[in-house]
Each structure stands twice: as structure tokens, then as C-alpha cells.
Amino acid sequence: MTENNKKHIKIIKNGPYLVSSKIPLLKLKIKTDEIGYPYEWIEEKKYPDQEEYALCRCGHSQNKPYCDGSHEKVGFEGSETASKELYLDSAAKVEGPDLLLTDNYGLCDHVGFCNRAGGITENVMHSDNPEAKSRAIQIASNCNSGRFVVYNKETGNPIEPDFEPSIAVTEEPDKGVSGPLWVRGGIQIESSDGTVYESRNRATLCRCGKSLNKPYCDGTHIMAGFNDGDESLKR
Ligand code: FES
């Protein structure tokens with residue numbers, strides 16, 4: 001077992017995410033570019049370190065992001081419907097001159113970084129231009145669901161941000177909603193049935209309770225107007 005695999009999130013049947021091994025928890029908020037497209041993540045706060053904690057998965061806790069037992073009161077139905085297929089097994093490929101892009105649409109959380117500056121595909125297709133290449137890498141790195149991965153075509157290696165294992169509570173003020181939990185740095189996610197999902201550098205877990213692709217976020221929180229009470233969403 002690698003060091004990162006000891007970092008662990010266990011999904012409780014119709015209940016919360018149980019987080020172990022003192023995984024840092026922080027809050028990140030989207031900052032937009034001058035046109036209004038998501039551009040970067042800004043760190044808003046760090047939560048106090050805890051060896052173990054439970055994060056709300058049903059969207060009803062009065063103590064978000066933590067669980068307060070509300071899932072029992074509301075009769076939360078949290079069945080996991082996501083595929084455990086490996087990322088690359090259902091990813092489309094787009095080949096540009098310097099970069100290769102893989103795209104697994106099934107993981108999309110509709111955060112919207114990929115629409116900036118002409119879109120990620122356009123920038124990959126022009127990746128022999130240093131600016132387009134750097135934009136494509138930046139856009140893919142900010143794609144919190146891990147839908148997009150760019151690869152250096154020369155080495156064949158993925159270009160990933162260097163994340164320490166951590167979980168980010170996300171806020172999307174550009175859409176007026178709270179977003180999913182961004183799981184970073186290869187933390188193992190264990191299903192309520194004891195099987196595990198592919199450990200990846202980036203993944204997003206639903207915390208509004210409404211995703212149709214649980215445990216992953218599928219963007220339903222946007223239509224649902226999910227709001228965890230973050231101050232910036234009230235402005
Ligand atoms: S948080 Fe995105 S669908 Fe629930």
C-alpha cells in the first residue's frame with residue numbers, strides 16, 4: 001500500500017463520507033477571468049486538522065461541510081451509481097501537435113474551466129504555440145473532476161498538478177452555488193460495498209445529495225441551486 005492509499009475516504013451507505021488519516025480540509029472558490037469564465041481556484045480557508053471526520057453527502061446538514069446526522073432524518077437515498085471502469089477505458093482522445101488530451105465526459109461536473117479562451121480542445125489543437133499549450137495545461141489542471149488530462153506527447157507522461165492529498169470544499173460564486181468536494185492527490189475512495197474506485201489525482205464527490213452519478217458530482221448542484229451558506233453566495 002502506498003502512502004497515499006493510506007489516505008482514505010469511506011462512503012457510508014445512505015450516509016456521509018468518513019475521512020481518515022488526518023487529510024487536510026480546505027475551502028476553494030472560483031475566480032473568473034474578465035469575461036466571466038472560471039479562471040483559477042482561490043484558497044479561502046483551512047479547516048482545523050482532525051484525525052478523522054465525517055463530511056455531509058446528503059446536502060441537509062446544518063453544520064456543513066460536516067455531517068450532523070441529518071441523512072437519517074431526511075431518509076437520504078445515496079446509492080452509488082457511478083461506473084468503476086478505469087478513467088482511460090472510456091476516455092476520448094484529441095491529438096494536438098505537442099499535447100494529447102483525454103476526455104472522459106462521464107465524470108464532468110460542469111465547473112466550466114474548459115470553456116475559457118476558446119476552449120480546451122482548441123488550445124490543445126494549437127499546442128505548438130507556447131501560449132495555447134500553457135492555457136491547455138492550466139485549464140486541464142483546474143478541471144476538478146479530472147474529466148480532462150493532458151499529456152506531453154514527447155514523453156507520453158500526463159501533466160498533472162502536484163497536489164498533496166487533501167479535500168477541498170468548493171464554492172462556485174460565478175454560478176451562485178456551492179460545488180462538490182474536490183478530492184486531490186490520489187486519495188483512495190472506498191465504496192459502501194467495500195470495493196474501491198480508481199485512485200486519481202483529481203476527483204469530485206457529490207455533497208448536495210442529488211447527483212445521478214454518485215458518489216461523483218455530475219453538476220446537478222447547479223440546477224438545484226445548492227447553497228451551503230457560504231457568505232459570498234449571498235452577495
Ligand atoms: S455536488 Fe455536484 S451534483 Fe451534488
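Order of appearance sets the numbers: ligands from 1, and atoms from 1 within every ligand.
Here the side chains of Glu172 and Pro180 are in contact, with some heavy-atom distance below 4.5 Å.
Using a 4.0 Å cut-off between a side-chain N of Lys or Arg and a carboxylate O of Asp or Glu, Lys22 and Glu164 do not qualify as a salt bridge.
A donor-acceptor pair is defined here as one N or O able to donate and one able to accept, closer than 3.5 Å; no such pair exists between the side chain of Lys84 and the backbone of Val196. Judged by distance alone, with hydrogens and angles left aside, the side-chain atoms of Ser127 form a donor-acceptor pair with the main-chain N or O of Leu99 at under 3.5 Å.
The set of protein atoms (N, O or S) found at less than 2.8 Å from atom 4 (Fe) of ligand 1 reads Cys206 SG, Cys208 SG, by chain and number.
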Check against side-chain hydrogen bond (donor to acceptor under 3.5 Å, both in side chains), Ser192 and Glu80: CA-CA 8 Å; Ser192 56; Glu80 294 167 55; 2.8 Å; yes

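Sorted by first and then second residue, the ring-ring contact (aromatic ring centres under 6.0 Å, His included) pairs involving residues 188-211 (not counting sequence neighbours) are Tyr197-Tyr216.
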